[in-house]
Asks: 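After the structure tokens below, expect a handful of questions from me.
Below, read A as the first sequence line, B as the second, and so on, with proteins coming before strands; counting in each chain starts at 1.
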2 protein chains.
Amino acid sequence: MDSQGGIRTGVADAASGRAARTGRSWRAGDKRRDLLDGSLAAFARDGYTRASVDAIARAAGTSSRTIYNHFGDKAGLFHAVIVDSARRVADAQIILADRHLGKIVDIEADLLEFGRVWATPAPEFADHFTLVRQVIAEAAHVPPATLEAWQEQGPRRVRRALAAHLRRIADAGHLSLADADLAAAHLVLLVAGDSGQRSLHGAVALEPAEIHATSDAGVRVFLHGYGVR
Amino acid sequence: MDSQGGIRTGVADAASGRAARTGRSWRAGDKRRDLLDGSLAAFARDGYTRASVDAIARAAGTSSRTIYNHFGDKAGLFHAVIVDSARRVADAQIILADRHLGKIVDIEADLLEFGRVWATPAPEFADHFTLVRQVIAEAAHVPPATLEAWQEQGPRRVRRALAAHLRRIADAGHLSLADADLAAAHLVLLVAGDSGQRSLHGAVALEPAEIHATSDAGVRVFLHGYGVR
DNA sequence: CTTCAAGTACAACGCACGTTGCACAAAATG
DNA sequence: CATTTTGTGCAACGTGCGTTGTACTTGAAG
């Protein structure tokens with residue numbers, strides 16, 4: 001009953017294989033990048049099933065045949081797209097965490113500032129989060145290997161970076177926490193969970209003031225639970 | 001570029017038309033109910049595109065031809081399914097709100113109790129919320145009329161009922177609020193937003209203790225903003 | 001220039017799916 | 001009973017899509 005449909009295996013057959021096999025550097029054309037970018041937009045807009053390979057190729061300015069040469073499979077393309085996108089977003093988020101949590105002078109003020117920036121959606125990553133919503137909605141049809149690679153390169157990497165910061169901040173006496181990983185998960189949920197959920201329901205962009213209000217409230221709840229008393 | 005794909009119009013062509021035209025009461029077989037229930041399960045599991053009409057018919061124990069006789073269209077079926085399901089869930093939620101917010105003796109204790117019950121997911125409605133996630137993910141491909149009917153019969157109806165309760169409770173001196181509708185939206189988000197978001201990310205069911213903790217925290221934030229000082 | 005990998009255009013195959021028409025059974029209605 | 005409504009099984013049509021093979025172009029490397 002699940003055999004038909006679903007995103008099938010072809011994980012990383014030829015993916016990035018060319019770059020490794022040939023000594024070619026990625027300068028000219030760079031069809032692979034075009035493909036990853038165009039596919040992200042197409043998958044985000046239409047979802048996996050609806051986004052046809054031909055439409056993706058058109059959006060990326062390549063031939064559909066090139067997709068199969070690079071990724072072997074539609075599923076392989078999807079795998080590469082979400083992992084690549086998740087890695088990029090995670091990189092940006094980690095940099096953001098480093099900037100705001102690297103040096104703590106006033107734990108409450110710094111966390112409030114961090115929360116506001118964190119909760120404010122970056123337009124250049126809108127497609128990514130739309131795609132993530134697609135993945136969550138049809139998680140049952142996404143190969144476990146793809147889910148695993150996405151989580152590992154994206155959310156889990158970010159959470160580990162945040163946890164390291166929180167651990168360090170706690171050791172410096174600004175917080176009181178036992179499980180830094182759990183605390184990191186709680187922090188991002190409290191800061192951006194509500195506004196994320198809310199923007200879904202209304203499908204409208206939130207006002208910055210509303211984002212800041214929910215983020216501030218989340219930080220205060222976090223400090224209520226993890227602050228030094 | 002958007003012309004192909006998408007859920008097309010056929011909203012309520014023949015939907016529920018038979019019941020209205022003929023004086024027939026819905027007793028025997030009641031294929032329509034079977035269809036609505038089976039379709040809910042199928043759409044929730046596979047999403048709109050992947051769920052084939054034949055598979056739905058099989059899941060509902062009917063013929064695929066009967067689907068077209070009743071709903072005219074696959075899109076019409078989807079429309080009927082989500083509206084019907086949303087109405088049922090909303091009914092249950094409104095009853096729940098009446099029970100817990102009808103008579104207030106201790107505003108904090110009552111809201112805490114209400115929040116815990118509200119945030120605890122009912123297994124019989126799991127399919128519905130899975131379907132809602134599908135709808136949100138591909139909202140761009142769902143006809144506006146379907147989105148509108150769903151919101152009206154489901155979320156908005158619930159929010160209005162909650163707002164009425166909050167208004168009454170405020171008039172009785174237990175709360176201080178200007179916009180009851182906004183307060184209702186805030187309450188459900190604070191109470192269930194986090195746990196809903198969190199259960200998505202992990203795809204695992206939350207422990208009751210965790211649900212209660214986040215719900216309690218949400219209620220306290222709500223009272224911090226809307227409580228009488 | 002020759003060579004070779006990378007990309008493209010095109011045609012084709014097979015398949016699954018939405019949808020319809022039609023003939024026929026079953027059940028309710030009078 | 002006869003009649004009308006509902007539901008079913010089946011065949012069929014058209015279409016869109018994933019995928020592959022193949023011949024051709026292009027541009028860099030030797």
Asks: Over 60° means perpendicular and under 30° means parallel, so tell me whether Y48(A) and F43(A) are parallel, tilted or perpendicular.
Replies: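 Y48(A) vs F43(A) ring planes: parallel.
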Asks: To the nearest Å, how far apart are N69(B) CG and dG21(C) P?
Replies: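 Nearest whole value for this atom pair: 11 Å.
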Asks: Under 3.5 Å, is there a donor-acceptor pair between the side chain of K31(B) and the main chain of A60(B)?
Replies: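 Here the side-chain-to-backbone pair does not exist.
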Asks: Calculate the interatomic distance between D30(B) atom CG and dA28(C) atom P; express it in whole Å.
Replies: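 These atoms are roughly 12 Å apart.
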Asks: Looking at D84(A) and R87(A), is any side-chain nitrogen of the basic one under 4.0 Å from a carboxylate oxygen of the acidic one?
Replies: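 Salt bridge flag = yes for D84(A) with R87(A).
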Asks: What nucleotide among dT19(C), dT19(D), dG18(D) has an atom nearest to a side-chain atom of D73(A)?
Replies: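 Nearest to the side chain of D73(A) among the choices is dT19(D).
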Asks: Any side-chain N or O of K31(A) under 4.0 Å from OP1/OP2 of dT8(C)?
Replies: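 Result: yes.
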Asks: Provide, to the nearest angstrom, the distance between the CG atom belonging to D34(B) and the C1' atom belonging to dG7(D).
Replies: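 It works out to 12 Å between those atoms.
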Asks: Measure the distance from CZ on R65(B) to P on dC24(C) and round it to the nearest whole Å.
Replies: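 Going from CZ in R65(B) over to P in dC24(C) covers 16 Å.
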Asks: OP1 or OP2 of dG7(C) less than 4.0 angstrom from a side-chain nitrogen or oxygen of S63(A), does that happen here?
Replies: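 So the side chain of S63(A) is outside the cut-off, no N or O lying under 4.0 Å from OP1 or OP2 of dG7(C).
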Asks: Has the side chain of T62(B) got a donor or acceptor atom that lies under 3.5 Å from a matching backbone atom of R58(B)?
Replies: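 Such a contact is absent between T62(B) side chain and R58(B) backbone.
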Asks: I'd like to know if the side chain of H100(B) and the backbone of L96(B) have a donor-acceptor N/O pair within less than 3.5 Å.
Replies: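 Between the backbone of L96(B) and the side chain of H100(B) there is a qualifying donor-acceptor contact (under 3.5 Å).
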Asks: Could you state the atom-to-atom distance from OH of Y48(A) to P of dG18(D) in whole Å?
Replies: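 Nearest whole value for this atom pair: 8 Å.
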Asks: Could you give the CG-to-P distance, from D54(B) to dG9(D), as a whole number of Å?
Replies: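 After rounding, the reported distance stands at 12 Å.
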Asks: More 5' along DNA chain D: T62(B) or K74(A), using each one's nearest nucleotide?
Replies: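 Between the two, 5'-proximity favours T62(B).
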Asks: Which one, dG7(D), dT20(D), dT19(C), comes nearest to the side chain of Y68(A)?
Replies: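 When the side chain of Y68(A) is considered, dT20(D) is the closest of dG7(D), dT20(D), dT19(C).
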Asks: Just to confirm, is there a sub-4.0 Å distance from OP1 or OP2 of dT6(D) to any side-chain nitrogen or oxygen of H70(B)?
Replies: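 Indeed not, no polar side-chain atom of H70(B) lies that close.
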Asks: How many Å lie between CZ on R50(A) and P on dA16(C), as a whole number?
Replies: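 Atom-to-atom, R50(A) to dA16(C), this comes out as 20 Å.
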Asks: With a 4.0 Å cut-off on heavy atoms, is A51(B) in touch with a base, just the backbone sugar-phosphate, or nothing at all?
Replies: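 Touches sugar-phosphate only.
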Asks: Write down the distance between CZ (F71(A)) and C1' (dT20(D)), rounded to a whole number of angstrom.
Replies: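 Roughly 18 Å, once rounded to whole Å.
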Asks: Taking 4.0 Å as the cut-off, does a side-chain nitrogen or oxygen of S52(A) come that near to OP1 or OP2 on dG16(D)?
Replies: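 Checking dG16(D) against S52(A), no side-chain N or O comes under 4.0 Å of OP1 or OP2.
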